[in-house]
Each structure stands twice: as C-alpha cells, then as structure tokens.
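Below: one structure, written as structure tokens.
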Amino acid sequence: LQFLNWLEMADEALFQFLHSEIIQYVNSAEPGESENGRCVSKLENMGFRVGQGLIERFTKDTPRFKDELDVMKFICKDFWTSVFKKQIDNLRTNHQGIYVLQDNKFHLLTQLSAGKQYLEHAPKFLAFTCGLVRGALSNLGVKSIVTAEVSVMPACKEQILCKNIKS
Amino acid sequence: MSRQSNRATDSKKMNSELFTLTYGALVTQLCKDYENDEEVNKQLDKMGYNIGVRLIEDFLARSSVGRCHDFRETADVIAKVAFKMYLGITPSVTNWSPAGDEFSLILESNPLVDFVELPDNHSNLVYSSLLCGVLRGALEMVQMAVDVRFAQDTLRGDNVTEIRMKFIKRIEENLPVGDE
C-alpha cells in the first residue's frame, strides 16, 4: 500500500514539473513586466480547456446536481480530490452566487519561495488552476469568473473566488 | 455502493487525465505559437529537458536505486521503475545494438496520447517529444550523454511507440568552479 502511495505522489510531482515548465514557457514568450496579464490569460485559458476536458469524462454517469451549491460542493470534494489529492478545506458563500474556496496547502504553490518578492509571480501559479475550475464549472452548466489569491503565511493558502454569472 | 466504486475509479482516472490533457493543451498552444512542426518538436524537447534535470532528483529520492553499473541496468531502471512510477506503464526493452550502446523502449500504449489525433497539417509533429527531453536531461544529471528519439509513433500510423536511446559518452563530473 505504501508503494502505491509513492506512485500516486509521483503522479503529482510530474504534473507539478510540467505546470512549472509551462509557466516558464508562457512567461518567456511574453517578455516584459507589462505582459504579466497576457501570461496569466494564456495560462487561465489552458486551464479552462483542461477543466472542461476533465469534467467531460468524469461526470458521464453521475446524475445531475440539484442546485448550484451542489455543484460547488462537487468541485470542493470530488473534483479537488481527483485533481489535487485533497479536498478544499473551507467553502463559504453569500448564497447569492459568490463562493470562496480555501485550500490551506495548495501544492502547486510549493515551487514558489515564501518571500514577499515572489508574491508578484503568484498569479501565474494560480492562473491555470483558476481556469481549471472555470472550465469544470462551465461543463457543469455554471458560468463563472474565477480568481484566486494567495497568502504566504501560513504557506500556500489559496483562496479561490467563484462568482457565478446568471445568464 | 456501486456508485462509490465508480467515483473512486473515476477519481483515479481523472488524475492521470490531468497530465494528459494539460500536455495536450501545451502542444496546442505551441502549435499556435510556432510556424512549423519542427519548431514545436524542438520546444517540447527543450521543455522536457528542463523537466528532466529536476525530475531525476525526485526520482532518485523516491526510488532509492543505486548507481547503475552499465547501460543495460540503466535501461531496466528507466523502463521498470521510472516509467512505471511517473506514467504508470512499463515499456519493454528490446533491439539492443551489438555494442550494447543502443536500445529501444517499446510502449504498447502511450498515456500522453489518449484521445489525441494529429490534424492533417501537422504530419511532422512528434507529439511526445517532451519525453525525449526528459530522458536526456535526467540522464545528463547522472553523467550520461544520450541521444533519444522516436523511431515509431502510433500517432503517425505505427503499431507501437518506439523510443530509441543511444549512449553517447560519459560526462565528466563538474569540478568546483575555481577563480577565473
């Protein structure tokens, strides 16, 4: 069983490396401070398509969700566990379409040093994941805007904000 | 009860799909950014190399394999431990050259290409080029210069995927940088 756990974590590590390398690539393809937004956009769009793809195959047999909150709970539990091997630690909502998902130990941020000067790069490390969530929600019938922020202390706490848009 | 087990297997499936789908999104992005397939292949290889030089540390920490004594041992470790660990598959090691410096990894299935079809205008794309770079970069960090290329590719119509690896030379350990 322990060996199997090693294998699973290796999966995670491989994705982390790929994710990090993709950020490097997108970053170098858009040189200059002013291009940070373009960088983030590109990463977010990539995440979006992957999020859509993941849901496409995952929920083929799962019955439809009874309401929006049900969808968000799915994202927090099943989706987050499949993708990040853990559940979202905290879900808050104003019951009017805004949801805040908190991950206290977001592993994609562990590449980022816990220094203030690296905070400016944090958005790039969150962009793909935001897209992932937005893409997943999209294929579950929920249109949203997803943003994220990170607090460095304690390490890797990430807050994702889903603002569901009513059509 | 059956729904529980479906969810568990779906979870596992979705996790391996994360890598596959992300890789696909990367290739798509590169095809947009570069004029021709050769450029995309080169970029994938380069990115793979960057991943490989870091992955090797991760691999050595996880697997605690000792130093390989020869290229045959290296081949076995790559196929039976590394591939299994990171991609969940075990390619077979075959087609050794008489000199023992070249071999093939045969992949019956390539997890990177699940659900992928090459569009007509990308006939020169070597989709999984990242793997070549990863292997090259990783081995360079353990003092082996190798050449890695795809000899067969299911995406380009072959029955199997075949990666050909050739030992070039041993790399001297880097001496500490002196005053220059």
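To find a chain, count down the sequence lines: A is the first, B the second, and so on, and within it residues start at 1. Because the structure is predicted, anything quoted here is derived from the model rather than measured.
- The CZ atom of Phe84(A) lies 7.0 Å from the CG atom of Leu18(B); values are rounded to the nearest 0.5 Å.
- Taking CG from Leu14(A) and CG from Asp58(B), the interatomic distance works out to 9.0 Å, rounded to the nearest 0.5 Å.
- Side chains of Phe17(A) and Val134(B) form no contact here, defined as non-hydrogen atoms less than 4.5 Å apart.
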What donor-acceptor contacts under 3.5 angstrom involve side-chain atoms of residues 103-115 of chain B, with partners at least two apart or in another chain?
| residue | atom | partner | partner atom | Å |
| --- | --- | --- | --- | --- |
| Ser104(B) | OG | Glu162(B) | OE2 | 2.6 |
| Ser104(B) | OG | Arg164(B) | NH1 | 2.6 |
| Asn110(B) | OD1 | Leu112(B) | N | 3.0 |
| Asn110(B) | ND2 | Ser128(B) | OG | 2.9 |

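- Taken to the nearest 0.5 Å, the CD atom of Glu21(A) stands 4.0 Å off from the CG atom of Asn50(B).
- Asp11(A) has its side chain out of reach of Phe19(B): every pair of non-hydrogen atoms, C-beta onward, lies at least 4.5 Å apart.
- Within a 6.0 Å radius of CG in Asn94(A), more than 12 heavy atoms belonging to other residues, nucleotides or ligands are found.
- At least one side-chain heavy atom of Ile22(A) sits less than 4.5 Å from a side-chain heavy atom of Met47(B).
- Within 6.0 Å of the NZ atom in Lys77(A), the count of heavy atoms belonging to other residues, nucleotides or ligands does not exceed 12.
- When the side chains of ILVMFWY residues are joined at heavy-atom separations under 4.5 Å, either directly or via intervening members, Trp80(A) and Phe128(A) end up in a single hydrophobic cluster.
- Under the 4.5 Å side-chain heavy-atom criterion for ILVMFWY residues, no single connected hydrophobic cluster contains both Ile163(B) and Val160(B).
- Contact record, Glu17(B) with Leu54(A): CB-CD2, 3.9 Å, taken as the closest heavy-atom pair.
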Got a list of side-chain donor-acceptor pairs under 3.5 Å for residues 23-32 of chain B, not counting sequence neighbours?
| residue | atom | partner | partner atom | Å |
| --- | --- | --- | --- | --- |
| Tyr23(B) | OH | Tyr127(B) | O | 2.6 |
| Tyr23(B) | OH | Leu130(B) | N | 3.4 |
| Thr28(B) | OG1 | Gly24(B) | O | 2.8 |
| Gln29(B) | NE2 | Asp33(B) | OD1 | 3.2 |

